[in-house]
Amino acid sequence: MCFVVYEAVNAQTMTTKPLTPEERRVIVDKATEMPFSGRYCRFDEEGTYRCRQCGAPLYRSQDKFDAGCGWPSFDDAIPGAVRRAPDPDGHRTEILCARCGGHLGHLFEGERLTPKNTRHCVNSLSLDFEPAAASGEEAHTETAIFAGGCFWGVEHMLAQLPGVIDVESGYTGGATEHPTYEEVCRHTTGHAEAVRVTYDPAKVSYETLARLFFEIHDPTQRDGQGPDLGNQYRSEIFYASPEQEATARRLIARLRAKGYDVATEVTPAGRFWPAEEYHQDYYARKGTQPYCHRYTKRF
């Protein structure tokens, strides 16, 4: 589906925190802390677990469970937050922060400890904890919709921004209700492969999202991205408010002033149809990195 070599998200947007020698031993040198020694082993507060090294959100408290193993255990991760890799021991699956590559622990499946049948066994030293909002307070969220080629890569890379709560792959901009992937690929519906981003505007701005969108795909290519050709791979921003429209057009004007022949369309948002389940969190589930999008600094 996609064939462009992957490059990491802009290193300038990814800050890392100083590590203690013990944290470095686990996160960088891939050691394992002693069982039942970590501060989050017997810990049940509501909130979000973040990467100790870069601060990226990794796990939610509702996915944590007591496996009795001596380490914090989760049966799911925040979409796109955790990368899988074969462990050097040849028997296990290592889990790493998808944003900075920090070692988290190991993944185990088939133990039947929860309905999801998955256990992320994580070192407490690899984590920081962010408590949930005070009782009665609801976090304000907004949504943004972007189309920039294969939705697998766009979803994965936007999901790594701090402040992004969820990214969902789907179809929008067409005339057919309940479009399927096969119908969209036949170019009979007019839909674009797109992603719907749910984010906390107190932590990340729409402009930051839109800037990264323009830097992880080629906004000058018409009806395609790399070898993926067809109208469903077009570059398009679907705005949900006058403010989003103004931001998109301002960024396009800046790019054109820099000499880019921007082909990105700016369109009012319409109905967004979630894609089939096998398209969601594609790279997170495969344990691989995108090869259909790469970061290019443009601003």
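As the structure is a computational prediction, the values presented were derived from the model and not from experiment. The basis for the numbers below is simple: all heavy atoms, side chains too, and nothing from hydrogens, waters or symmetry mates.
- Without hydrogens or angle criteria, Asn231 side chain to Arg234 main chain gives no donor-acceptor distance under 3.5 Å.
- The cationic group of Arg211 lies under 6.0 Å from the six-membered ring centre of Phe299 and within 45° of the ring axis, placing it in a cation-pi geometry.
- Annotation: side chain of Pro35 is in contact with side chain of Trp71 (closest heavy-atom distance under 4.5 Å).
- In the displayed structure, Asp44 atom CG is contacted under 6.0 Å by at most 12 heavy atoms of other residues, nucleotides or ligands.
- Of the residues Glu276, His279, Glu155, the one that meets the side chain to side chain donor-acceptor pair (under 3.5 Å) test with Ser169 is Glu155.
- When every heavy atom of Ala240 is checked against every heavy atom of Thr143, the shortest pair comes out as CB-O, 4.5 Å.
- Considering all non-hydrogen atoms of both residues, Ala144 and Tyr206 come closest at CB-CE1, 3.5 Å.
- Thr176 places no side-chain N or O within donor-acceptor distance of the main-chain N or O of Pro179, the cut-off being under 3.5 Å.
- Nearest approach of Ala210 to Leu251, heavy atoms of both residues: CB-CD1, 3.6 Å.
- If you look at Phe65 and Phe74, their ring centroids are not closer than 6.0 Å.
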Self-check item: Working for side-chain contact (heavy atoms from CB on, under 4.5 Å), residues Val82 and Leu96
Solution: CA-CA 6 Å; Val82 174; Leu96 308 101; over 6 Å; no

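- Between Asp261 and Arg256 there is no salt bridge, since none of the side-chain N atoms of the basic residue sits less than 4.0 Å from a carboxylate O of the acidic one.
- Checked against the 6.0 Å centroid criterion, the rings of Phe272 and Phe238 do not qualify as a close aromatic pair.
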Exercise. Determine, step by step, whether Phe129 and Arg50 satisfy the side-chain contact (heavy atoms from CB on, under 4.5 Å) criterion, reporting the C-alpha distance in whole Å, the side-chain angles of both residues, the deciding distance to 0.1 Å, and the verdict.
Key: CA-CA 6 Å; Phe129 181 74; Arg50 293 180 172 272; over 6 Å; no

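- Side-chain contact between Leu255 and Arg298: present, with at least one pair of heavy atoms (C-beta onward) separated by less than 4.5 Å.
- With values rounded to the nearest 0.5 angstrom, Thr172 atom OG1 is found 5.0 Å from Ile145 atom CD1.
- Looking at Asn123, its side chain never comes within 3.5 Å of a backbone N or O of Leu125 through a donor-acceptor pair.
- Within the 4.5 Å cutoff, no side-chain heavy atoms of His156 are placed close to those of Pro79.
- Using modelled atom types and a 3.5 Å distance limit, the side chains of Glu142 and Tyr199 yield a donor-acceptor pair.
- Hydrophobic clustering of Ile, Leu, Val, Met, Phe, Trp and Tyr side chains at less than 4.5 Å, counting indirect connections, unites Tyr278 with Val184.
- Counting heavy atoms from C-beta on, the side chains of Asp200 and Ile165 come closer than 4.5 Å.
- Comment: Asp128 engages Arg39 in a salt bridge, judged by a side-chain N to carboxylate O separation of less than 4.0 angstrom.
- When side chains are defined from C-beta on, Thr180 does not count as touching Thr189, because their heavy atoms never get closer than 4.5 Å.
- Ile27 and Leu104 are assigned to two separate hydrophobic clusters, defined by single-linkage of ILVMFWY side chains at heavy-atom distances under 4.5 Å.
- Side chains of Asp223 and Leu229 form no contact here, defined as non-hydrogen atoms less than 4.5 Å apart.
- Thr141 places no side-chain N or O within donor-acceptor distance of the main-chain N or O of Thr198, the cut-off being under 3.5 Å.
- The hydrophobic cluster containing Leu212 also contains Val266, counting ILVMFWY residues as joined when their side-chain heavy atoms lie under 4.5 angstrom apart, directly or transitively.
- Under a hydrophobic clustering in which Ile, Leu, Val, Met, Phe, Trp and Tyr are joined whenever their side-chain heavy atoms come within less than 4.5 Å, directly or via other members, Ile216 and Ile237 fall into the same cluster.
- Checked by atom type and distance alone, the side chain of Arg83 never pairs as donor or acceptor with a backbone atom of Ala98 at under 3.5 Å.
- Between the CG atom of Asp218 and the OH atom of Tyr260 there is a distance of 9.5 Å, given to the nearest 0.5 Å.
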Exercise. Under the side-chain contact (heavy atoms from CB on, under 4.5 Å) rule, what do Leu127 and Leu58 come out as? Steps first, then yes or no, please.
Key: CA-CA 9 Å; Leu127 302 172; Leu58 301 173; 3.9 Å; yes

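- Interatomic distance, Leu107 CG to Glu109 CD, rounded to the nearest 0.5 Å: 5.0 Å.
- In the hydrophobic clustering of this structure, Val195 groups with Tyr181; members are Ile, Leu, Val, Met, Phe, Trp, Tyr whose side-chain heavy atoms approach within less than 4.5 Å, directly or through other members.
- Scanning both residues, Asp89 and Arg92, for their nearest heavy atoms gives OD2-NE, 2.6 Å.
- For the pair Gln232 (side chain) and His191 (backbone), a donor-acceptor distance under 3.5 Å is absent.
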Exercise. May I have the step-by-step check of side-chain contact (heavy atoms from CB on, under 4.5 Å) for His120 and Thr118, ending in yes or no?
Key: CA-CA 7 Å; His120 292 244; Thr118 299; 3.9 Å; yes

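- In the model, His217 has a side-chain atom that pairs as donor or acceptor with a side-chain atom of Ser235 under 3.5 Å.
- For the pair Asp66 (side chain) and Gly68 (backbone), a donor-acceptor distance under 3.5 Å is present.
- In this structure, SG on Cys51 lies 8.5 Å from CZ on Arg99, to the nearest 0.5 angstrom.
- Residue Glu33 comes nearest to Pro72 through the heavy atom pair OE2-CD, 4.5 Å, listed as atom of the first residue, atom of the second, then distance.
- Between Glu94 and Lys30 there is a salt bridge, with a side-chain nitrogen of the basic residue lying less than 4.0 Å from a carboxylate oxygen of the acidic one.
- Taking 4.0 Å as the cut-off between side-chain N and carboxylate O, Arg250 and Glu207 count as a salt-bridged pair.
- Between Trp273 and His178, the closest side-chain pair of non-hydrogen atoms falls below 4.5 Å.
- Rounding to the nearest 0.5 angstrom, the gap separating the OG1 atom in Thr296 from the CZ atom in Phe214 is 14.0 Å.
- Screening Gln62, Lys116, Lys64, Glu111 for a side-chain contact (heavy atoms from CB on, under 4.5 Å) involving Asp75 leaves a single residue, Lys116.
- Proximity of a side-chain donor or acceptor of Thr93 to a complementary backbone N or O of Ala85 within less than 3.5 Å is not detected.
- Test Arg60, Arg52, Lys203 against Glu130 for salt bridge (charged side-chain N to carboxylate O under 4.0 Å, His left out) and you get one pass: Lys203.
- Ion pairing between a basic and an acidic side chain is recognised when a charged N comes within 4.0 Å of a carboxylate O; Arg119 and Asp76 show no such pairing.
- Counting all heavy atoms, side chain and backbone alike, Pro162 lies closest to Val204 at O-CB, 3.4 Å.
- Side chain of Glu236 to main chain of Ala192: no donor-acceptor pair is present (N/O by atom type, distance under 3.5 Å, no hydrogens or angles).
- Residues Arg249 and Glu245 are paired through a salt bridge, judged by an N-O separation under 4.0 Å between the basic side chain and the carboxylate.
- A 4.5 Å side-chain heavy-atom check between Thr48 and Ser61 finds every atom pair outside the cut-off.
- Put simply, CD1 on Ile78 and CG on Asp63 are 8.5 Å apart, with the number rounded to the nearest 0.5 Å.
- Aromatic ring pairs are classed by plane angle as parallel below 30°, tilted from 30° to 60° and perpendicular above 60°; the pair His106 and Phe108 is tilted.
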Exercise. Before giving the answer on ring pair (Phe, Tyr, Trp, His ring centres under 6.0 Å), spell out for Tyr171 and Phe151 the whole-Å C-alpha distance, their side-chain angles and the decisive distance to 0.1 Å.
Key: CA-CA 9 Å; Tyr171 315 108; Phe151 44 27; 5.8 Å; yes

